[in-house]
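To keep things clear, I will list the structure first and then write my remarks on it.
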Amino acid sequence: MPESVEVEYYRRLADRTVGRRITAVDAPDAWFLKGGLTGRALAAAVTGRTIEGARRIGKLLLLDTDGPTVGLRFGMTGRLLVDGVAGVEDLQYSSMRDEPAWDRVTFRLEGGGDLRVRDPRRLGGVLLDPDESRLGADVLSITPVQLRQALARSTAPVKARLMDQGRVAGVGNLIADEALWRAGIDPARAAGSLSDAELRRLHRHLRTTVDELLSRGGSHTGDVFHARTPEGLCPRDRTPMLRRTVGGRTTWSCPKHQR
DNA sequence: ATTGTGGCCTGCCCGC
DNA sequence: TGCGGGCAGGCCACAA
């Protein structure tokens, strides 16, 4: 599903729209417009505007125009298409069908072409001038100090804190499980119970996990991904993987080396 | 404030 | 062969 890795691919794809002017907006699905936004208001705000940049904070894609900023969220099944090209071909848990009925918002661009969000399950959304201050440090650039601050003095499971977008932006279920597996930390541990050494280890693995998933091609390319089954064995020590719900999410971990 | 839970969205997969 | 239940997880509302 789109975690920070996929949204980073989307950002790179969206770079193709920089310098192009928006001529029209199609927003047929009112549910997809968030924060009281209407199709009419969105069209009025951005029609005639030129896209000046594409940024990403966590899982939020931001399109800066010479007017307002458009925020795009992809949930777990949303794909970005620019001029008919998909930002991600292989999206776990979504559908690869070419189904225009799933286009929830389309920004038509001058001279032909467009940028659209295709989301079968409608879990994503569009925001106008989203409040960026509500997001924590981005996982691709988070510092050890920021990670410590995000986890310190919390009794919540470390995995839940990692996935709290207001503390660390961009960690979804697969990245959380992969990084904690690599760091040898039990996802259910209280976030505030990590030692300095464990915090440093987690920070290192978080960064390298995301770097590797980016170069491999997606959040589903982690070492532990194929072990997320009832018969799955830990790729490191061949121990049967443990399936639990942690932080409200299906969680796979190794009961032997994750402590 | 913090933490946990349940609901929403709907295509897809499995078993009968 | 068709059908129905369960599942996936990001996000939000709400409760304690």
What is the distance, to the nearest angstrom, from the [atom1] atom on [X] to the [atom2] atom on [N]?
X	N	atom1	atom2	value
A:Asp131	C:dC12	CG	P	11 Å
A:Asn173	C:dG10	CG	P	6 Å
A:Lys34	B:dC8	NZ	C1'	9 Å
A:Arg73	B:dC9	CZ	C1'	13 Å
A:Glu3	C:dG10	CD	C1'	10 Å
A:Met76	B:dC8	CE	C1'	13 Å
A:Met163	B:dT3	CE	C1'	13 Å
A:Ile57	C:dC11	CD1	C1'	17 Å

Requested in this report: For the side chain of A:Leu123, starting at C-beta, report the closest nucleotide among B:dG11, B:dC9, B:dG4.
Outcome: B:dC9

Report summary line: Of B:dT10, B:dC9, B:dT2, the nucleotide closest to the side chain of A:Arg121 is B:dT10

Query raised in the report: NA contact type, A:Arg104, heavy-atom cut-off 4.0 Å: base, sugar-phosphate, or nothing?
Result: nothing

Query raised in the report: Under 4.0 angstrom, heavy atoms only, what part of the nucleic acid is A:Arg153 near: base, sugar-phosphate, or nothing?
Result: nothing

Requested in this report: Please list residues of residues 239-249 of chain A whose heavy atoms come under 4.0 Å from any atom in DNA chain C, ordered by number; otherwise none.
Outcome: A:Arg243, A:Arg249

Requested in this report: Ignoring hydrogens and angles, tell me if any N or O in the side chain of A:Arg161 forms a donor-acceptor pair with the backbone of A:Ala150 under 3.5 Å.
Outcome: yes

Query raised in the report: With sequence neighbours left out, which residue pairs that include part of residues 35-48 of chain A fulfil the side chain to side chain donor-acceptor pair (under 3.5 Å) condition?
Result: none

**Report entry** Crowding at CZ, A:Arg134 (>12 non-hydrogen neighbours, <6.0 Å)
**Finding:** no

Report summary line: Assert: residue with more 5' nearest nucleotide on DNA chain B, out of A:Arg122 and A:Ala156, is A:Ala156

Query raised in the report: Is the shortest side-chain N to carboxylate O distance from A:Arg216 to A:Asp223 below 4.0 Å?
Result: yes

**Report entry** Single hit among A:Arg116, A:Arg20, A:Arg108 for salt bridge (Lys or Arg N to Asp or Glu O under 4.0 Å) with A:Asp83
**Finding:** A:Arg20

Report task. Please answer: with hydrophobic residues joined when any side-chain heavy atoms are less than 4.5 Å apart, are A:Val7 and A:Phe32 in the same cluster? Result -> yes

Requested in this report: Please state whether the phosphate of C:dC11, meaning OP1 or OP2, lies under 4.0 angstrom from any side-chain nitrogen or oxygen of A:Lys59.
Outcome: yes

Requested in this report: Rounding to 10 degrees, work out the angle separating the end axes of the helix from B:dT2-C:dA16 to B:dC16-C:dG2 (five pairs an end).
Outcome: 40°

